[in-house]
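What follows is a single structure, written as C-alpha cells, with notes after it.
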Amino acid sequence: MDISTLGEALDTYVPEIMEHCGTPGLSIAVGAGTEVALARAYGVADLATGRPMTVDTVGPTGSDCKPYTGVAALQLVERGVIGPDEPIEAYVPVVNPHGQRPITLRDLLTHRSGLGIGMGNFGRVPPPPLGEHLRRVLEAGRSDAYGGTMVPFWAGPVGAAYQYSNVGIAVVGHLVELLNPDGVTFSEWVARHVFAPLGMGSTVFPRAQHPDFVPAELLDRRSTGYATLPGVWLPLPTLYPGDYPAGSALTTPSDHARFVLAILNGGAPVLSSELATQMVTPQASGAPSWGRRPSCRSGWCSTSSVVSIRTSGMAASTPGAGRTSPVAGRRTGWCW
C-alpha cells in the first residue's frame with residue numbers, strides 16, 4: 001500500500017473537515033501492512049488552555065475498547081481456562097430467567113445472552129470493584145437505559161436475538177478477573193498480556209479515568225470532551241461507567257492501530273492465529289447493521305454482513321470531543 005502522498009492529502013483535507021464539523025482537535029494514525037506508517041495531529045486538545053493536539057494526546061476509546069476485553073477473554077480460552085461454549089454460571093451467578101439454556105462466553109461476546117440494552121451504569125464517582133458492581137446490578141435487575149423504567153433488564157432467552165449489552169461485556173471482564181492465572185485484576189491482566197506485548201505504552205484500561213487509577217502523566221495528556229451548542233463548547237462533566245470493561249480505556253490512535261494490525265495480521269503476540277481469525281469471523285447472524293458500520297464491538301462478530309479487512313489501511317482518531325473512533329472509509333470487521 002503506497003501512502004507516500006497520504007500525509008500531504010490529510011494535511012489539506014482534515015483541517016477543512018474539522019472547520020466544517022466544528023471539531024477542535026483530531027489525531028490520526030494509519031497502519032500499513034504490519035506497521036503504524038503515519039501519525040498526524042491537528043487543532044487543540046483543550047480549548048480553555050489552547051493545549052495543542054499531538055500524536056501523543058490520550059483519548060477515551062468508548063465502545064471501541066471492547067475488542068481489548070474480547071482478546072483478554074480469548075487468551076483464557078487459549079490457555080484452556082474456560083471454553084467458549086462453557087456455561088458461565090459456575091463462575092458468575094448470571095442466569096437468564098427466560099431459560100432455554102445457560103449463558104456462555106460466546107453468548108456474551110456476541111451480545112446474545114438475553115441481557116437487555118443498557119447505557120453502562122455511569123456515575124459521578126468511580127465505581128466499586130467490578131465484582132461488587134455487578135452483584136448490585138444483577139440483584140437490582142434493572143436496565144439503566146431511559147431512567148431504568150422502559151427497557152427490560154432481561155430482553156429474551158439466551159441466543160434468541162442480538163441485544164447490545166454493556167453489562168454482558170462487563171461480565172466478560174469479571175470472568176477475566178476471576179479466572180486469569182496471574183490472579184490479578186482485569187485492568188492488570190490487559191496491561192500485562194495485551195498492551196505490554198504490543199508496545200502500547202500510552203494505553204490503560206482502568207476502573208475509572210481518575211487519578212486513583214490512571215498515571216498522572218497520562219491524565220495530563222488526555223483530550224478534553226465537549227458538548228456543543230451553536231457557537232458554544234461546554235466541557236463535559238466527568239462520568240465513570242460501572243460496566244468499565246465495556247468502555248473506559250485511554251489510548252492514542254497509534255497504540256490502537258498497533259492492536260488492530262496485530263489482530264488483522266494473525267494475532268501475534270497476543271493471540272493465536274486461529275483465535276485471531278475467529279475474532280474477525282462472524283459468529284452469529286441477526287444483528288442490526290447500523291448502516292455500513294460493522295455491528296459488533298466486542299470480541300467476536302455477531303453478524304454475517306460485516307466486512308473483515310485483512311490487508312492494510314486503518315485510521316483512528318482522538319477528537320477534542322474526547323473519544324476514539326475509526327475515520328477511514330475502510331473498516332475492520334470487529335469494531336467501528
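The figures that follow rest on heavy atoms only: side chains count, while hydrogens, waters and symmetry mates do not.
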### Task
Using the side-chain contact (heavy atoms from CB on, under 4.5 Å) rule, take Trp189 and Gln75 through it: C-alpha gap first, then chi angles, then the decisive distance, then the call.
CA-CA 10 Å; Trp189 176 267; Gln75 287 175 333; 3.0 Å; yes

Tyr162/Thr110 under side-chain hydrogen bond (donor to acceptor under 3.5 Å, both in side chains): CA gap, chis, key distance, verdict
CA-CA 8 Å; Tyr162 174 97; Thr110 58; over 6 Å; no

* Go through the steps to decide whether Phe205 and Thr61 satisfy the test side-chain contact (heavy atoms from CB on, under 4.5 Å), and finish with yes or no. => CA-CA 10 Å; Phe205 206 156; Thr61 61; over 6 Å; no

*asked:* The test is side-chain contact (heavy atoms from CB on, under 4.5 Å); show your working for Glu89 and Val94 and say whether it passes.
replied: CA-CA 6 Å; Glu89 61 186 273; Val94 184; over 6 Å; no

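For the pair Asp46 and Tyr226, the minimum side-chain heavy-atom distance is below 4.5 Å. Annotation: side chain of Leu218 is not in contact with side chain of Arg222 (no heavy-atom distance under 4.5 Å). In this structure, Arg258 and Val36 have side chains that are in contact, with non-hydrogen atoms separated by less than 4.5 Å. A 4.5 Å side-chain heavy-atom check between Thr238 and Gln209 finds every atom pair outside the cut-off.
Under 4.0 Å is where a charged nitrogen must lie from a carboxylate oxygen, and between Arg112 and Asp107 no such pair does.
Under the 4.5 Å side-chain heavy-atom criterion for ILVMFWY residues, a single connected hydrophobic cluster contains both Tyr244 and Leu138. When hydrophobic clusters are built by joining Ile, Leu, Val, Met, Phe, Trp and Tyr residues whose side-chain heavy atoms come closer than 4.5 Å, directly or via intermediates, Val172 is not grouped with Met119. Leu175 and Val81 fall within a single hydrophobic cluster, where Ile, Leu, Val, Met, Phe, Trp and Tyr are joined by side-chain heavy atoms under 4.5 Å apart, directly or via other members. Linking ILVMFWY residues whenever their side-chain heavy atoms come closer than 4.5 Å, directly or via other members, places Val58 and Leu219 in the same cluster. No continuous path of ILVMFWY side-chain contacts below 4.5 Å connects Val167 to Tyr240, so the two sit in separate hydrophobic clusters.
Within a 6.0 Å radius of CD in Glu188, more than 12 heavy atoms belonging to other residues, nucleotides or ligands are found. The environment of Glu274 atom CD is sparse: at most 12 non-hydrogen atoms of other residues, nucleotides or ligands sit within 6.0 angstrom. The 12-atom threshold is exceeded at CZ of Phe122, counting heavy atoms of other residues, nucleotides or ligands nearer than 6.0 Å.
Across all their heavy atoms, Val95 and Trp154 have their closest contact at O-CZ2, 3.5 Å. The nearest pair of heavy atoms linking Val71 to Ile263 is CG2-CD1, 3.9 Å. What you find for Val92 and Leu178 is that their closest heavy atoms are CG2-CD1, 3.7 Å. Listed here is the closest heavy atom pair of Pro127 and Gly242: CB-CA, 3.8 Å. Across every non-hydrogen atom of Ala246 and Asn166, the tightest pair is CB-OD1, 3.4 Å. Met53 and Ser223 get closest at one heavy-atom pair: CE-CB, 4.4 Å.
Donor-acceptor pairing under 3.5 Å is lacking for the side chains of Arg51 and Thr57. Using a 3.5 Å distance cut-off with no hydrogens or angles, the side chains of Thr69 and Lys66 do not pair a donor with an acceptor. Side chains of Glu177 and Thr185: a donor-acceptor N/O pair is absent below 3.5 angstrom, by distance only. In this structure, a donor-acceptor pair under 3.5 Å is present between the side chains of Asp243 and His133. Remark: the Asn265 side chain and the Thr34 side chain contain no N/O donor-acceptor pair separated by less than 3.5 Å. A donor atom on one side chain and an acceptor atom on the other are found under 3.5 Å apart for Glu86 and Tyr91.
Counting only distance, with no hydrogens or angles, the side chain of Thr23 and the backbone of Glu19 share no donor-acceptor pair below 3.5 Å.
Taking the ring centroids of His256 and Tyr68, they lie under the 6.0 Å cut-off.
The salt bridge (charged side-chain N to carboxylate O under 4.0 Å, His left out) test applied to Glu139 returns Arg135, not counting sequence neighbours.
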